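One structure below.
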There are 2 protein chains.
Amino acid sequence: MQERSAKAPFGVGDLARAGQCKVETVRYYEKIGLMPTPLRTEGGHRVYHQPELKRLIFIRRSRDLGFSVAQVRDLLQFVDEPNHTCGEVKALTLAQSEEVQRKIDDLQRLHKALLEMADKCKGESYSLEQCPIIDALYDEI
Amino acid sequence: MQERSAKAPFGVGDLARAGQCKVETVRYYEKIGLMPTPLRTEGGHRVYHQPELKRLIFIRRSRDLGFSVAQVRDLLQFVDEPNHTCGEVKALTLAQSEEVQRKIDDLQRLHKALLEMADKCKGESYSLEQCPIIDALYDEI
DNA sequence: ACTTGAACCTGTAGTTACTACAGGTTTTAT
DNA sequence: ATAAAACCTGTAGTAACTACAGGTTCAAGT
């Protein structure tokens, strides 16, 4: 572990720890092209610096928030390629935000349905003969 | 297709259609033990009746509500075994609704962030040197 | 009765996004 | 110098299906 200098290079273990993922995940991201192929030590160990960590954190944050790897790839494209206009970036961002809103709507409907089911259930009966949740899922056809 | 009598037995295709899934999915559910091994015709075709359809619909509904197959297995246990309380079922449903709420919260934070980023961007510049969106995505760590 | 086409069968492989080894090498710390 | 930790590659496993391939059976029309 490097403590002294934040700028010192580090290995894949430290990168993974800082990026909140497994070492294997970093290598997987490298294989599918989300992370760059890093420099190596003479012995073949991967060596990373601050920019790669920033990139990994960005990937992880996006993934945690439900973006697919393909979508993360699109977002990273804007970081990687200089020949995009700000307008393109804005359009993609707005498209993403709409998709996120759709997901939110879906989940909210789901949440409502779950709560309504739970609400009907007193939860005390020792018999499942008339459990409203089971009924809702199983009998209401 | 059987139209005349709702009680007549039917094949896996009709079952899948009625359960809103693919034939392969039914066979998959059979393989992993969510659906029972059905009777067969002399030629080996699967034969189903009303109870199996109800079970499949139950499974599909639960899956649509975001329950994992493992959770559906737990729920089906409540259907299959008589010695469970309604409270158990309710607890599982509430746990699921909390998880859905957490996902909603995450996505709402993301949505806000995306809109804020898009808002800062005039979207006209042909240079990405100072695009506020890229800055927010990549540099604000 | 016969034919044809839809529906069915089994089994394997592909999908997404990782995760878990196995079996070996390098680095680091004592 | 040696031992442990970290690393390497490569393959296989996970969830929850989905998509074939290559063959058999069923049902309807003639």
Side-chain angles (χ1 to χ4, degrees), chain A residues 1-4 8-35 37-48 52 55-76 99 103, chain B residues 1-5 8-35 37-48 52 55-76 96 99 103:
Chain A
M1 266 279 270
Q2 303 286 352
E3 296 244 15
R4 208 79 187 125
F10 41 83
V12 70
D14 288 338
L15 181 77
R17 229 184 319 284
Q20 312 254 60
C21 68
K22 304 274 166 85
V23 168
E24 286 94 338
T25 305
V26 175
R27 291 200 284 251
Y28 169 71
Y29 286 157
E30 183 183 328
K31 201 169 78 183
I32 64 172
L34 287 192
M35 288 293 287
T37 61
L39 295 174
R40 304 282 186 131
T41 63
E42 286 183 20
H45 287 201
R46 288 167 178 81
V47 175
Y48 295 99
E52 289 97 306
R55 192 183 181 90
L56 178 62
I57 288 174
F58 172 68
I59 295 168
R60 291 308 303 166
R61 218 171 40 183
S62 305
R63 292 285 306 117
D64 284 349
L65 288 165
F67 285 98
S68 70
V69 163
Q71 287 173 316
V72 176
R73 210 187 293 276
D74 286 348
L75 290 170
L76 282 170
E99 199 172 316
K103 271 187 204 164
Chain B
M1 264 282 269
Q2 304 287 350
E3 295 244 16
R4 207 80 187 124
S5 165
F10 40 85
V12 69
D14 288 338
L15 182 77
R17 229 183 320 284
Q20 313 253 59
C21 68
K22 304 273 168 83
V23 168
E24 286 94 338
T25 306
V26 175
R27 291 200 285 251
Y28 170 72
Y29 287 157
E30 183 184 328
K31 201 169 80 183
I32 65 173
L34 287 192
M35 288 294 285
T37 62
L39 295 174
R40 303 284 185 128
T41 64
E42 285 184 20
H45 287 201
R46 288 168 177 81
V47 175
Y48 295 100
E52 288 97 303
R55 193 182 181 89
L56 179 61
I57 289 175
F58 177 89
I59 295 168
R60 292 307 304 167
R61 266 195 207 154
S62 305
R63 293 284 303 118
D64 285 349
L65 287 169
F67 288 98
S68 70
V69 162
Q71 286 173 317
V72 176
R73 211 187 292 276
D74 288 348
L75 288 171
L76 282 170
Q96 178 59 16
E99 201 172 312
K103 272 187 204 164

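Because the structure is predicted, anything quoted here is derived from the model rather than measured.
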Who are the side-chain hydrogen bond (donor to acceptor under 3.5 Å, both in side chains) partners of Glu30(B), not counting sequence neighbours?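 By the side-chain hydrogen bond (donor to acceptor under 3.5 Å, both in side chains) rule, Glu30(B) matches Arg46(B).
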
Tell me: [atom1] of [X] to [atom2] of [N], nearest whole Å?
X	N	atom1	atom2	answer
Asp14(B)	dA7(C)	CG	P	9 Å
Glu24(B)	dA7(C)	CD	P	13 Å
Leu34(A)	dT16(C)	CG	C1'	13 Å
Met35(A)	dC18(C)	CE	C1'	15 Å

Quick one: does any side-chain atom of Arg73(A) pair with a main-chain N or O of Ile32(A) as donor and acceptor, under 3.5 Å?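 A pair under 3.5 Å: yes.
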
Specify the residue among Val47(A) and Ala70(B) whose closest nucleotide of DNA chain D lies further upstream toward the 5′ end.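 Upstream on the strand: Val47(A).
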
Gly11(A) or Arg63(B), whichever maps to the more 5' nucleotide of DNA chain D: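 So the residue in question is Gly11(A).
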
Can a side chain N or O of [X] be found less than 4.0 Å away from OP1 or OP2 on [N]?
X	N	result
Tyr29(A)	dC18(C)	yes
Thr25(A)	dT19(C)	yes
Thr41(A)	dT27(C)	yes

Under 4.0 Å, counting only non-hydrogen atoms across every strand here, what does [X] touch: a base, just sugar-phosphate, or nothing?
X	result
Arg46(A)	sugar-phosphate
Phe67(B)	nothing
Arg60(B)	sugar-phosphate

Nucleotide interval of DNA chain D bounded by contacts with chain B (heavy-atom cut-off, under 4.0 Å):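 Contact span on the strand: dA16(D) to dC26(D).
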
Position toward the 5' end of DNA chain C (nearest nucleotide), Lys31(B) or Gly44(A):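 Taking each residue's closest nucleotide, the earlier one in sequence belongs to Lys31(B).
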
Residue whose closest nucleotide on DNA chain C lies nearer the 5' end, Lys22(A) versus Arg27(B):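 With Lys22(A) and Arg27(B) compared, the 5'-side residue is Arg27(B).
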
Contact between Met35(A) and Leu15(A) at the side-chain level, heavy atoms closer than 4.5 Å - yes or no?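 Yes. Closest side-chain heavy atoms under 4.5 Å.
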
Heavy-atom side-chain contact between Tyr48(A) and Val26(A) under 4.5 Å: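 Yes - at least one pair of side-chain heavy atoms lies under 4.5 Å apart.
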
Can a salt bridge be assigned to the pair Arg17(A) and Asp14(A) using a cut-off of 4.0 Å between side-chain N and carboxylate O?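 Asp14(A) and Arg17(A): salt-bridged.
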
Enter the distance from Phe58(B):CZ to Leu75(B):CG here, rounded to the nearest 0.5 Å.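 One finds 4.5 Å between CZ of Phe58(B) and CG of Leu75(B).
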
Check: Tyr29(A)/Arg60(A) side-chain N/O donor and acceptor closer than 3.5 Å: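 There is such a pair between these side chains.
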
